[in-house]
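Since the structure comes first, as C-alpha cells, the remarks are kept for the end.
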Amino acid sequence: MSVRVRFAPSPTGYLHIGGARTALFNWLYARHTGGQFVLRVEDTDEARNSQEAIDVIIESLRWLGLDWDEGPVDGSDLTASKGDRGPYFQSQRKEIYQKHIQALLDADKAYEHEGAIKFRMKRETVVIDDLVVGQVDRKLTDREEADPDFVIVRSDGKPVFHLVNVIDDLEMGITHVIRGEDHLSNTSKHIALFKALGAEPPKYAHIPLILNKDGSKMSKRDLGASVTTYIEGGFVPAGVVNYLLLLGWSPKDDQEVFRIEDVIERFDLPQINRQNARFDFDKLKWFNYEHTRSLSSDEFRERALPFLKAAGIDAAGFDAAYIDAAFETCKEKVKQLTELPEFCDFYFREVTEFDEEHAAKHLVPENRPHVEKLREMLAGLEAFDADTIQAGFKQVGEAQGVKLGVLVHPIRLACTGKKVGPSLFHLMEVLGKDKVLQRIDSIMGRLGEG
RNA sequence: GGCCCGUUCGUCUAACGGUUAGGACGCGGCCCUCUCAAGGCUGAAAUACGGGUUCGAUUCCCGUACGGGCUACCA
C-alpha cells in the first residue's frame, strides 16, 4: 500500500517552526517512499481563521519548497483544491463529520450528555506502537479512571479536534501520522476512535518538540518561531530546511550540509531522535550561510534583488552580467541577504556618503601623493582586471615605500565610501576603469594639500 | 496530583557492552590577509545522580532528580 501522509496546520497567522519541521518530515517521508503528501487545513476555529492566515501557511510551505500532492491549490480561493479525497478544508467537511457522528450514535458508541456528545471509551490501557518512540502502554489517568468517556461534539454542535482529525485521516486514507510528540498521550483516544469507526488506525510516528534555547516552549513571539522571520530576514529555504532537518533527525554520520535530493534518498523514520531539541539561531545562520554561498548566480540574483529593492537600491538599469559579477564578490561574505544592500550598494549608485571616522584616518594630506600615483597607474592600465590592478598596487607600494594597506584604504573609501566590503581589486574590476577613476577624482578634494 | 516521553560538551548530535567518548555551531589562540569574511591548524568543553546485571557499562534493568508533553465542551 502506498504511503499517504499529511500536514494539517490550523491557520493561526503564522507557520510555527515546529510545524514547519513536522511538514518537512512528512514531506520527506512521502518523497522517500514515493507516496503522497496531503495538505489539510484545520480551519475549524472560525473566530481565529482568516483568508490571510491561510495564505501565510501556504506561502510559508511554498517558500520552504514543500509541495503537496493533494490540498488547496492556493490561498486566494478556498474552494480550489487538487486531489480526489477532498475537500481539504475542515470548514467544508461538516456533512462528512455528521455522517460518522450519526453512525457512532446509532451503534451506541457515543451518547448525548448535557447537550454534547460523548464517546464511550473503554476503561483500559491502550498500546501505541510508535515508529519513533517504540511501544507505549498508555495507562489511564486518574480522571479517566473515574470517567474514560470524552466529548466529541460540543454542545454548540461543533465536533472537537480529536474527532475531526481522526475522521479526516480515515477518509483521506492516511497511512502514517507523523506529528509532534505533544499528541502522543492523546493517541489512545485516536486509536479508540479509529476502531469505533470500523477502521484500522494508521501508523504513528511522534517526533520530539522544538524548544527555546532555554528549554521553554516556543511561542509566537520567540525569536525564530515563525517561518515568516526567515522569509523576511534574508534566509534561503535550503538553509532553513537543512537546519530543521538536523533538529531531530540524524544521518548517523558526520555529514551536516545536505542537498535536499540527497536527503530524500536517505531520510527515514528510524533515524529520528527521541529527545526534544533546543533552537539555536547561530547554527541556523551558519547553515544559511553555507547554502547561500553555494547558490547559482541565477538563484542568488533572483533572491537578492528584492532585498536591494526593499533597501531602496534600484538595480534594474544594470545588465545581468554586471549584477552577477557584483554579487559574486559578495556571495561568500554575507550570512543573510538582508546584509547585502549595505554591502554592495556602491555598485548600483554613486558614492555620496562616507564612513567619516574611517575617512578622517585615511583621507589625509599625507596620502595624497599615494593616491595620485595610484590614479596615474590605474589610468594607464590596458587590462582592468583584479590581478593586473593588484600588481599595479604592489608596484606603487614599492615605489612609494609603503605597505599595501596604506594604499588600499583611501581607494576603498573612494570606490565604496566604506571601511569594509568585497575584495578591493575585484570590486574595481567589476566597477570598471571609468567609474573607478571618476570616484578617485571625486575624493581628491578631501585629501587636502599633500 | 495522575498518565506519557526524555536526559552524552553551552547547543545540535555520533559511538554491535570494550573508543584517548568523535563531528558540527558557538567561544579562545595561532596562521593566512587589502577591509570584512572565508579557509588551515589548534585549545577549552559532555556521558544527571544512586543502585544493580556484567570480566567490563554512555550503551541493558531499577530508583531518584531534572526537563518536556498530555490530562478541556483548545487545536
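Per chain, numbering begins at 1; letters A, B, ... match sequence-line order.
- Here the separation of B:C9 from B:A14, taken at their P atoms, is 13 Å to the nearest Å.
- With hydrogens and angles disregarded, a donor-acceptor distance shorter than 3.5 Å links the side chain of A:Lys433 to the backbone of A:Ala379.
- The side chain to side chain donor-acceptor pair (under 3.5 Å) test applied to A:Arg301 returns A:Asp298, A:Asp324, not counting sequence neighbours.
- Taking atom CG on A:Asn165 and atom P on B:A75, their separation rounds to 11 Å, with Å as the unit.
- The nucleotide B:C3 finds its pairing partner in B:G69, both defining distances of the Watson-Crick or G-U wobble pair being shorter than 3.5 Å.
- For the pair A:Arg266 and A:Phe258, the cation does not sit on the ring face, since its NZ or CZ is not both under 6.0 Å from the ring centre and inside 45° of the axis.
- In this structure, the CZ atom of A:Arg412 is 11 Å from the P atom of B:C34, given to the nearest Å.
- Nearest approach of A:Tyr204 to A:Arg179, heavy atoms of both residues: CE2-NH1, 3.6 Å.
- Protein atom CG of A:Asn242 is 12 Å distant from nucleotide atom C1' of B:C12, rounded to whole Å.
- Between A:Phe393 and A:Phe425, the two ring planes are perpendicular [angle over 60°; tilted spans 30° to 60°].
- A distance of 6.0 Å or more separates the ring centres of A:Phe7 and A:Trp27.
- If you measure from atom NE2 of A:His426 to atom P of B:U33, you get 15 Å, rounded to the nearest angstrom.
- Among residue pairs with one or both ends in residues 95-109 of chain A, those qualifying as salt bridge (charged side-chain N to carboxylate O under 4.0 Å, His left out) are A:Lys99-A:Glu171, A:Asp108-A:Arg120; sequence neighbours excluded.
- Nucleotide B:C41 has B:G29 as its partner under the Watson-Crick or G-U criteria, with both atom distances under 3.5 Å.
- The cationic group of A:Lys189 lies under 6.0 Å from the six-membered ring centre of A:Phe150 and within 45° of the ring axis, placing it in a cation-pi geometry.
- Mapping A:Arg293 and A:Lys394 onto RNA chain B by nearest heavy atom places A:Lys394 at the nucleotide closer to the 5' end.
- To the nearest angstrom, P of B:C34 lies 14 Å from CG of A:Leu374.
- Between A:Phe287 and A:Tyr243, the ring-plane angle classifies as tilted under the 30° and 60° cut-offs.
- Minimum atom distance to the side chain of A:Arg154 is reached by B:C74, of the listed B:U11, B:G2, B:C74.
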Please evaluate residues A:Phe354 and A:His362 with respect to the criterion ring-ring contact (aromatic ring centres under 6.0 Å, His included), reporting the C-alpha separation (whole Å), side-chain torsions for both, the decisive distance (0.1 Å), and the verdict.
CA-CA 11 Å; A:Phe354 294 87; A:His362 297 282; over 10 Å; no
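- Across the strands present, B:C49 finds its partner in B:G63; the criterion is a Watson-Crick or G-U wobble pair with both atom distances under 3.5 angstrom.
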Protein-to-nucleotide contact annotation, 5' to 3' order, nucleotides 14-32 of chain B [B base; S sugar-phosphate only; - none; under 4.0 Å, heavy atom]
S-------BBBS-------
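- With a cut-off of 3.5 Å on both Watson-Crick or G-U wobble distances, the partner of B:G18 is given as B:C55.
- At a cut-off of 3.5 angstrom, the base of B:C73 holds at least one donor-acceptor pair with the side chain of A:Ser155.
- The separation of B:U47 from B:A21, taken at their C1' atoms, amounts to 8 Å, rounded to a whole angstrom.
- At a non-hydrogen distance threshold of 4.0 Å, A:Glu114, A:Ala116, A:Val133 from residues 96-133 of chain A come into contact with RNA chain B.
- Between A:Tyr230 and A:Phe279, the ring planes lie tilted relative to each other; the angle falls in the 30° to 60° range.
- Atom NE2 of A:His16 is separated from atom C1' of B:A75 by 13 Å (rounded to the nearest Å).
- Nucleotides B:A45 and B:U54, compared at atom P, are 35 Å apart to the nearest Å.
- Nucleic acid contact for A:Lys333: base, since at least one base atom lies under 4.0 Å from a heavy atom of the residue.
- Nucleic acid contact for A:Ile411: none, since no nucleic acid atom lies under 4.0 Å from a heavy atom of the residue.
- Using modelled atom types, one finds no donor on one side chain facing an acceptor on the other under 3.5 Å when comparing A:Asp137 with A:Thr125.
- Comparing the P positions of B:G28 and B:G67 gives an interatomic distance of 31 Å, to the nearest angstrom.
- In this structure, the nucleotide among B:C73, B:C34, B:U13 sitting nearest to the side chain of A:Val408 is B:C34.
- Checking B:A24 for Watson-Crick or G-U wobble geometry (two distances, each under 3.5 Å) identifies B:U11 as its partner.
- Within residues 413-425 of chain A, the residues approached by RNA chain B to less than 4.0 Å at the level of any non-hydrogen atom are A:Lys419, A:Val420, A:Gly421, A:Pro422, A:Ser423, A:Leu424, A:Phe425, in residue-number order.
- Taking the six-membered ring where the residue is Trp, A:His190 and A:Phe161 present perpendicular rings, their angle passing 60° and hence far from 30°.
- Judged by closest nucleotide on RNA chain B, A:Leu247 is the one of A:Leu247 and A:Tyr289 placed further toward the 5' end.
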Give me, pair by pair, the N or O atoms of the protein and of nucleotides 65-69 of chain B that are less than 3.5 Å apart, along with how far apart they are.
unit_1, atom_1, unit_2, atom_2, d
B:G68, O2', A:Asn276, OD1, 3.0
B:G69, O2', A:Asp182, O, 3.4
B:G69, N2, A:Ser185, OG, 3.0

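- Distance check on atom P: B:G40 versus B:C25 gives 9 Å, rounded to whole Å.
- Phosphate proximity of B:C4 to A:Lys139: present, with a side-chain N or O under 4.0 Å from OP1 or OP2.
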Report the C-alpha separation of A:Lys335 and A:Thr338 in whole Å, then their side-chain angles, then the decisive distance to 0.1 Å, and conclude whether the side chain to side chain contact (heavy atoms under 4.5 Å, CB included) test is met.
CA-CA 9 Å; A:Lys335 288 217 155 60; A:Thr338 41; over 6 Å; no
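- Straight-line distance from the CD atom of A:Glu332 to the P atom of B:A38: 10 Å, rounded to whole Å.
- Across B:C32 and B:G23, the matching P atoms stand 25 Å from one another, rounded to whole Å.
- Between A:Phe343 atom CZ and B:C36 atom P there is a gap of 11 Å when expressed in whole angstrom units.
- Nucleic acid contact class of A:His162 (heavy atoms, under 4.0 Å, all strands): base.
- As rounded to the nearest Å, B:A44 and B:A24 have P atoms that lie 15 Å from one another.
- A donor-acceptor pair under 3.5 Å is formed between the side chain of A:Arg123 and the backbone N or O of A:Ala146.
- The closest side-chain heavy-atom distance from A:Tyr14 to A:Val227 is not below 4.5 Å.
- Both tests hold for A:Arg21 against A:Phe25: distance to the six-membered ring centre under 6.0 Å, angle to the ring axis within 45°.
- With P as the reference atom, B:C12 and B:U71 are 26 Å apart, rounded to whole Å.
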